[in-house]
Enquirer: 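This is the structure, below, for whatever I ask next.
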Amino acid sequence: MDNMQAPSVGGVRLPKGQGETIRLPRGASLTDFADKINANPASLVQVLFHLGEMVTATQSVSDEILELLGSEMNYVVQVVSPEEEDRELLETFDITYGEDAGDEDDLQVRPPVVTVMGHVDHGKTRLLDTIRKAKVHEGEAGGITQHIGAYQVETELEGNPRLITFIDTPGHEAFTAMRARGANATDIAVIVVAADDGVMPQTVEAINHAQAAQAPIVVAVNKIDKEGANPAKIRQQLTEYGLVAEEYGGDTMFVDISAKQGINIDSLLEAILLTADASLDLRANPAMEAQGVAIEAHLDRGRGPVATVLVQRGTLRVGDSIVAGDAYGRVRRMVDEHGDDVHDATPSRPVQVIGLTSVPRAGDSFLVVDEDRVARQIAERRQARTRNAANAAKRKRVSLEDLDAALKETSQLTLIIKGDNSGTVEALEDALMKIEVGDDVELRVVHRGVGGITEGDINLAVASSAIVLGFNVRAEGKATELANREGIDVRYYTVIYQAIDEIEAALKGLLKPEYEEVQLGRAEIRDVFKSSKVGTIAGCMVLSGEIRRNARARLLRDGKVIAENLPISSLKRFKDDATEVREGFECGLTLGNYSDLKLEDIIETYEMREKPRA
Ligand code: GDP
């Protein structure tokens with residue numbers, strides 16, 4: 001056979017490469033691939049089909065499939081991760097993120113950055129409050145501090161003044177959310193364990209998260225003032241998790257404290273510094289353009305976007321041009337946790353920055369660049385990338401709106417039905433099957449079941465090009481994310497006739513959707529308190545998106561809708577009113593007069609947006 005001939009699979013002629021390298025972003029589709037090599041996407045779809053993979057042209061495919069397809073056509077496919085893409089973007093501006101410039105001699109000691117983690121109610125928040133009150137600006141009149149997401153305290157070790165930075169959002173959820181974005185802000189983890197309670201599930205989780213991040217651990221055995229406190233038992237329990245106290249020959253420092261009564265707080269700070277000195281080499285170059293991570297950000301009515309950043313290397317100055325994630329701007333003003341102006345912030349210093357043109361996300365990296373123009377260009381390139389990714393996800397495979405087109409190809413509408421009990425699921429399926437749609441269209445239910453919509457359901461929908469109907473149930477866990485990414489149409493109903501009408505209308509090509517529900521955020525209830533003044537308050541952790549005051553909410557228990565159309569009537573971060581609280585942060589909220597709240601219930605907020613007609 002002639003070597004120069006284009007390869008063919010199953011009779012499909014293929015574009016043939018010369019072994020050149022094709023770079024594709026992770027999650028690229030066959031259309032993206034075809035664009036790079038000037039081929040027809042349909043031919044790539046066919047080739048994959050013959051290789052036993054059924055994918056559509058616009059669906060995002062795995063690294064393996066991209067590579068397999070590449071090798072069939074004599075291309076070397078290099079899948080580029082978003083991090084690599086970003087590194088390359090910065091390289092085009094001659095910027096390296098994440099490394100100290102210069103050599104050993106340029107490095108100076110920086111304070112450790114600490115996150116406090118542990119089981120709920122073991123005293124994390126109280127400990128952060130106590131340290132802040134006891135140590136921040138001792139002697140300053142009033143000494144009132146604001147919550148900006150982190151604060152620094154001054155203490156002493158062996159007669160020398162030393163600083164420690166505390167991330168002011170307790171818990172490992174925020175810590176892990178930041179890590180998921182590639183931000184490793186924490187040097188040391190303080191694990192708080194209540195001496196009257198012992199090691200609990202979240203204690204173990206916190207230990208696992210700290211160890212996964214390779215952050216040395218200091219154990220604060222809290223509530224030793226309480227009756228029944230048994231610090232020795234905590235030490236003994238923790239040996240099981242590889243944390244052996246120094247006094248038992250291990251290398252983990254345990255400090256018995258009372259966050260409430262302020263007992264042994266100095267010893268805890270000392271233990272943090274000793275642990276840092278013994279196991280970490282915390283140094284950074286202060287003489288370079290600043291880089292670090294955004295740890296909290298919000299839109300302030302008066303001041304515009306406000307972001308608290310942790311400087312990790314370099315020195316941040318008023319007037320600097322900065323990029324934080326896909327936000328950019330110039331540092332107009334910096335303030336610390338006391339509301340005092342800061343002119344330059346050195347490594348490990350948290351400061352609130354005013355002057356960005358939009359709000360970055362917690363965990364976004366920030367860096368200073370030479371010129372406003374460069375900052376803007378980097379931000380715009382990142383925005384474009386995010387937009388492309390979102391658009392790619394939006395190219396739905398099958399949705400009720402573009403059913404017309406889909407039916408022309410397949411003459412079949414495939415459904416997955418999930419409901420809150422088997423009676424309604426059957427009733428819905430029966431009713432749908434009775435819709436008169438004529439002979440040329442077939443309605444098929446590939447799966448039905450009781451319970452929330454799972455990732456498994458979405459995967460099945462992907463595999464069978466199905467639309468998912470949820471009757472009185474919602475998507476669980478990461479199912480919504482997966483559905484969005486894969487472009488799966490998931491529809492929710494609470495009234496059977498509405499479901500039937502919509503499907504019927506779609507089948508008859510009459511569907512005129514006007515509004516679509518847009519999910520804004522999900523939060524899990526971690527705590528419930530009753531207040532005589534405001535009613536039932538839910539202490540929540542925001543799992544995804546953001547929770548906004550005045551948004552509409554529904555309450556889910558075990559994946560089932562318990563209540564709909566509730567208002568988020570009050571929202572607080574610690575003691576302050578908040579307009580929005582983002583993913584990874586804790587908040588307190590009330591749902592109007594609604595009081596049937598239980599631990600682990602999910603609060604989902606949404607808004608109805610007008611849907612552009614395709
Ligand atoms: P978190 O969920 O870990 O942030 O826990 P909190 O800081 O909210 O504390 C939970 C409860 O324990 C609160 O009522 C605190 O006042 C109480 N608490 C915290 N530390 C101590 C302590 O050292 N001694 C006593 N007796 N109570 C404490």
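All of these numbers come straight from a predicted model, not from anything done at the bench. Start at 1 and go down the list; that is how both ligands and their atoms are numbered. By convention here, the first residue in the shown sequence is residue 1.
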Enquirer: My understanding is that only one of D256, N230, T252 makes a side-chain hydrogen bond (donor to acceptor under 3.5 Å, both in side chains) with R235; could you say which?
Expert: D256
Enquirer: Return yes if a side-chain donor-acceptor contact under 3.5 Å exists between T346 and T315, otherwise no.
Expert: no
Enquirer: Here's one to test your reading of the geometry: is the NZ or CZ of R522 within 45 degrees of the ring axis of Y606 and under 6.0 Å from its centre?
Expert: no
Enquirer: What pairs with H298 under ring-ring contact (aromatic ring centres under 6.0 Å, His included), at least two apart in sequence or on another chain?
Expert: none
Enquirer: Under a 4.0 Å heavy-atom cut-off, which residues neighbour ligand 1?
Expert: H119, V120, D121, H122, G123, K124, T125, R126, N222, K223, D225, K226, S258, A259, K260
Enquirer: Treating T186 as the side-chain partner and I188 as the backbone partner, does any N or O pair qualify as donor plus acceptor under 3.5 Å?
Expert: no
Enquirer: Contact between D121 and D527 at the side-chain level, heavy atoms closer than 4.5 Å - yes or no?
Expert: yes
